[in-house]
Amino acid sequence: MSDIEVLLPDGSARTLSEGASALDLASQIGARLAKDALAATVNGDLTDLTKPLPAGATVAIVTPASDLGREVLRHSTAHVLAQAVTRLWPGAHYAIGPAIRDGFYYDFSLPNGARFSDDDLGRIEAEMRVIMGENQPFVREEFSYDDGLALFADQPFKVEIITGVRDGATPEDASEVSGSVVSTYSNSPAFKDLCRGPHVPSTARLGHFKLMRVAGAYWRGDEKRPQLQRIYGTAWESKDALAAHLTQLEEAEKRDHRRLGQELDLFSFPSELGPGLAVFHPKGGTMRRVMEEYSRSRHVAAGYEFVNSPHITKAELFETSGHLQWFADGMYPPMDLDDGQQYYLKPMNCPFHVLIFKARQRSYRELPLRMFEFGTVYRYEKSGAVHGLTRVRGLTQDDAHIFCTREQMRDELVSLLTFVLDLLRDFGLNEFYLELSTRPAGKAVGTDEEWNEAEATLAEVATNAGLELVMDHGGGAFYGPKISVQAKDAIGRTHQLSTIQLDFQLPQRFDTSYIANDNARHRPIMIHRALFGSVERFMALLIEHYAGNIPTWMSPEQVRVLGVRDDHDAYAYDIAAALKQDGVRVSVEAANEPLGARIRRAKLEKVPYILVVGDDDVASGTLGINARGANDPERGVTLEEFRRRLSEEISSHGSPELTRGA
RNA sequence: GCCUGGGUAGCUCAGCCGGCAGAGCAGCUCAUUCGUAAUGAGCAGGUCAGGGGUUCGAUUCCCCUCCCAGGCUCCA
């Protein structure tokens, strides 16, 4: 038998006997690696450890504590989940069970229409641990399509996957099947699953997992197809990694804007109003006002005009714009008024701005014309889709529409992108990437030429911005492509924020024109853009980004002054009055309770600065500062010094507690 | 819209097999005057989401509606 040579990721070569597997390679390198190994990549493709290696291949051993390793063990855990479910519910049909971010899921259809309940998760988990204890090897086999169909004759979803791949109808299922054969993995004679693999060598290699929840999921993600029962789980390479993940989930829950909105008395969703309809309380209203005022001032500086439009309009407007044709499902049903007219709540502001443009003849000298409005719109979201402030039925967009010439378009987009990123940075977001959404298949209006030009321009501007650009093929709106700015928050989640959308269509539909210097009518280009997206959603993001520690400049209450004893209250009010002169949002809590209790309350309310004043301060005109997130309070600071520091922090939009690690 | 789970005092939650509705915090009153995360006592607070049904009796069991959560679908 001859030898083969394979390359390791570091470029070094190893000699193995022909037919040797990645597991043999791992053993040659070290016993510990062989023990850890879960799978391998051969020339970049993920495969089983036991598969013979081709000569000259570049081979890397996949170990648990890596992205690929976790993917493999999550996928294998999903198989064990399916096996456990078929043990507990004989006759259960299992559909697909991939690894996903942080875990895995598997979709099932139980016999006789049975459904999982949350209580079943414990039983299933226990059965999974039994299977893992049985140390079952994952064994790969390959079958022809016909044999595969026979094998899974009583598993309709598997049959559909195999026939779909055989007939080339569903290329995405190629992940379940490879080449002209179907592959299966069985970890016991009693359980075989259609799967491309790879899998861990044995079920005993699994175990640091937890089933999280049961949910409904449509087969193939299609509303019109049967709804399956999906079980979600999380799985990790070690007990510690699992525990860390669960802790992180708890941390994320603590900064959930819905919870903080309640705790900090910012907003609520009275059930009397219906789903997705929020009211802002005084504190939330203050934060929102500051956000909006700052945005307005920036827009003024950037040359925007301010406009306003009503919340309802005759159907005609949205017939002309095309919204009724495309998005009637997402609009509130019309009100029939007594003259037979139908009126709609507006789902978008753009048609109104077009009408403002059209209110009189426009000259090229007026372009670019930038119209801004905090426009409140209403969208009839499906009842199951609403979510806190991030997905609501009534929302306010920081919406603007820019009318410009084709020649101005590029420059306008460049300065717009700079403007967007500057503004977001002022709110404390610093990590971005851009996404370019292109023509949606089947539902776009407009010519190929228009789309191609729009997409090319946006791509050029996005590339020049120097940020990472991700393509979202087919993700554009029906009327034009868009760039969206994705921002990363303090715990690493990304959120789609600003969108900049090109639109060749609306100006046409409304027959919009301006007179150019050639004395002829020309069609303007329209750019739709929102920076916050929705004020509500942006506020939710900020609350979570800052974990409720709203930066001082936006904080509803910036300073609270506490006298140590009630004979210090008068001095406390003097301090507050002085700060009010600077425009600071300050309150005084009189000394009816022990100082510790009042400090605790202010801390829980996340007031940025608690000022404590006692005998020493009254005597020497000073104050004590207990700053949010600081380890120790500071004593004997002069009022002037505090005013200086505070105004510096507010005007710079600072958020020192982030750097203090609060 | 669909699936699963939930809705008990302002908030967080307990309440077993159907038998007079509970706690902590918050609120109010009184006392306490205190230097950096909870002073004490007392009081008040409920259509157990809403409606219907079963039952001698329903917060509890069943049905419908509303609202919430996690998913699926959707997101101009």
Side-chain angles (χ1 to χ4, degrees), chain A residues 105 107 115-121 212-232 253 256 258-259 262-263 265 268-277 318 321-331 347-350 377 379-388 390-392 395 397 440 443 475-480 482 496 499 501 503 506 528 533-534 537 562-569 590-605 610-617 623-627 630 632-636:
Chain A
Y105 68 78
D107 287 348
R115 312 246 180 231
F116 295 120
S117 79
D118 285 359
D119 298 336
D120 294 327
L121 293 183
M212 303 301 282
R213 60 182 63 94
V214 33
Y218 298 105
W219 169 234
R220 300 252 191 240
D222 184 345
E223 237 180 321
K224 293 174 190 67
R225 307 181 84 155
Q227 185 162 37
L228 307 176
Q229 298 278 296
R230 176 172 296 177
I231 294 178
Y232 281 95
E253 204 178 310
D256 188 309
R258 294 165 299 183
R259 174 193 180 119
Q262 167 79 261
E263 287 174 3
D265 195 16
S268 60
F269 294 88
S271 59
E272 291 84 342
L273 302 188
L277 297 169
F318 293 115
S321 70
H323 288 103
L324 267 175
Q325 183 190 344
W326 296 96
F327 294 106
D329 284 354
M331 293 170 65
M348 293 208 84
N349 302 301
C350 28
V377 298
R379 297 177 177 185
Y380 189 74
E381 302 286 359
K382 285 181 183 176
S383 65
V386 296
H387 177 92
T390 60
R391 193 76 183 275
V392 287
L395 60 128
Q397 297 179 310
K443 60 180 244 179
F478 73 89
Y479 54 77
K482 71 177 178 194
Q496 176 177 314
T499 56
Q501 195 140 23
D503 185 352
L506 220 47
H528 306 241
S534 105
R537 196 174 75 99
L562 308 177
V564 173
R565 265 191 334 265
D566 60 5
D567 52 322
H568 303 127
D569 282 350
N592 293 321
E593 278 188 283
L595 181 63
R598 285 176 290 149
I599 287 181
R600 178 166 194 271
R601 179 156 42 242
K603 288 286 184 191
L604 290 174
E605 291 175 33
I610 301 166
L611 302 184
V612 175
V613 292
D615 290 333
D616 300 349
D617 300 298
L623 43 83
I625 303 174
N626 189 328
D632 300 303
E634 204 179 338
R635 291 277 296 269

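Letters A, B, ... mirror the listed sequences (proteins, then strands); counts begin at 1.
- Judged as a side chain to side chain donor-acceptor pair (under 3.5 Å), and not counting sequence neighbours, A:T499 has no contacts.
- Shown here are the ring-ring contact (aromatic ring centres under 6.0 Å, His included) partners of A:F116, two or more places apart in sequence or in another chain: A:W89, A:F108.
- A:G276 comes within 4.0 angstrom of the backbone, heavy atoms only, and of no base.
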(request) Determine, for nucleotides 69-74 of chain B in 5'-to-3' order, which nucleotides have protein heavy atoms under 4.0 Å from the base (write B), from only the sugar-phosphate (write S), or from neither (write -). (result) SBBBBB
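- One finds no side-chain N or O of A:S117 lying less than 4.0 angstrom from the OP1 or OP2 phosphate oxygen of B:U4.
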(request) Indicate for each nucleotide in nucleotides 33-42 of chain B, in 5' to 3' sequence, whether protein heavy atoms under 4.0 Å reach the base (B), only the sugar-phosphate (S), or nothing (-). (result) BBBBBBB---
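- A:F116 comes within 4.0 angstrom of sugar-phosphate atoms only, judged by non-hydrogen atoms across all strands, and of no base.
- Remark: A:Q397 engages A:N349 in a side chain to side chain donor-acceptor pair (under 3.5 Å) (not counting sequence neighbours).
- Residue contacts for A:Q262: at a heavy-atom cut-off of 4.0 Å it reaches the sugar-phosphate backbone alone, with no base atom in range.
- Searching all strands for a Watson-Crick or G-U wobble partner of B:G46 with both distances below 3.5 Å returns nothing.
- Checked against side chain to side chain donor-acceptor pair (under 3.5 Å), A:R635 has the following partners two or more places apart in sequence or in another chain: A:D616.
- To the nearest 0.5 Å, atoms CH2 (A:W219) and CZ (A:R230) are separated by 10.5 Å.
- Between A:R220 and A:D222 there is no salt bridge, since no side-chain nitrogen of the basic residue lies less than 4.0 Å from a carboxylate oxygen of the acidic one.
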